[in-house]
Amino acid sequence: TRASSLALYNAAAPAGRGLLRLQDEAVVFEHMYAPVPTSAHALFSILYGVYPYLGPFWTSSGKAVVADSMAQFFGRAGYATQFYITGDLDYDNVRSFAAPGFQRVLDSNNWPGQEAYTMLPWGRDDRLLIEQIKQFITTTGQRPFFVVGMTSNPHHPYAVDHLPPGPEVADDTGRSAYERLVEYDVGLVIELYDWMKQRGVAERTLVLVLGDHGEAFGEHAGDFGHGT
């Protein structure tokens with residue numbers, strides 16, 4: 001997610017204003033940089049806590065990860081571990097390193113009931129993700145859990161047909177549509193957090209919200225889509 005598209009980082013940003021009421025409950029990281037602007041490389045760093053592998057994952061057959069992921073670490077400690085992504089985990093060979101250690105992995109290849117949610121260019125409506133996390137949390141009782149939920153909607157091409165009608169904006173870069181998708185996903189995250197607070201789960205849970213890379217809209221000639 002592009003930092004300048006969020007009100008936490010840019011007071012003039014139209015998206016993410018709902019996060020402002022949570023500032024006193026959060027730590028906002030102000031200096032984040034994605035050296036390799038792809039989701040696969042970012043997820044690798046997030047799960048393994050190491051600098052991202054710089055080569056393309058789709059040519060990584062035969063390579064081994066010489067570290068344990070957080071899922072493997074938490075699993076050994078007795079945590080319930082789940083990974084959900086509304087897109088395709090097989091893209092870029094991501095499953096090869098993302099799935100180890102998770103007791104259940106759901107994506108667009110095997111998610112029961114996903115047909116009830118709109119299919120977008122890169123995956124199902126991210127509301128599916130939030131509803132699945134809620135459902136899972138209700139089954140854990142007092143058992144500690146580690147859940148990774150990966151959204152897919154704010155991705156080029158920026159499809160907004162599933163969103164309520166928005167203002168007409170003359171914008172040939174796609175930025176207004178992108179920011180509407182960011183606003184939608186931020187709203188889902190806030191909904192989930194409020195739901196957790198109402199059930200006394202939030203007070204014993206660390207919630208991390210991370211962007212996998214930035215987004216470019218022609219600030220540099222010919223530079224659109226994934227950016228650092």
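Counting from 1, the numbers follow the sequence of the chain as shown. Note that the structure is predicted; figures quoted are calculated from it, not measured.
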Subject >> Residue pairs involving residues 136-160 (criterion salt bridge (charged side-chain N to carboxylate O under 4.0 Å, His left out); sequence neighbours excluded) >> reply: none
Original post:
So which pairs with a foot in residues 106-126 pass salt bridge (charged side-chain N to carboxylate O under 4.0 Å, His left out), sequence neighbours left out?
Top reply: Arg95-Asp107
Subject >> Donor-acceptor pair, side chain of Glu179 and main chain of Ala15, under 3.5 angstrom >> reply: no
Original post:
Under the ring-ring contact (aromatic ring centres under 6.0 Å, His included) test, which residues partner Tyr9, sequence neighbours left out?
Top reply: none
Original post:
Going hydrophobic residue to hydrophobic residue with side-chain gaps under 4.5 angstrom, can you get from Leu89 over to Phe44?
Top reply: yes
Subject >> His162 ring center within less than 6.0 Å of Tyr184 ring center >> reply: yes
Original post:
Glu131: what forms a salt bridge (charged side-chain N to carboxylate O under 4.0 Å, His left out) with it, not counting sequence neighbours?
Top reply: Arg127, Lys134
Original post:
So, the side chain of Gln72 versus the backbone of Pro100: is there a donor-acceptor pair under 3.5 Å, distance only?
Top reply: no
Original post:
Under the 3.5 angstrom rule, does the side chain of Thr138 hit a backbone N or O of Gln135 as a donor-acceptor pair?
Top reply: yes
Original post:
Ring centroid separation for Phe145 and Tyr79, is it under 6.0 angstrom?
Top reply: no
Original post:
Which residues pass the salt bridge (charged side-chain N to carboxylate O under 4.0 Å, His left out) test with Arg204, sequence neighbours left out?
Top reply: none
**OP:** Could you list the residues that satisfy salt bridge (charged side-chain N to carboxylate O under 4.0 Å, His left out) with Lys197, not counting sequence neighbours?
**Re:** Glu25
Original post:
Quick one: do Arg21 and Asp194 make a salt bridge, cutoff under 4.0 Å?
Top reply: yes
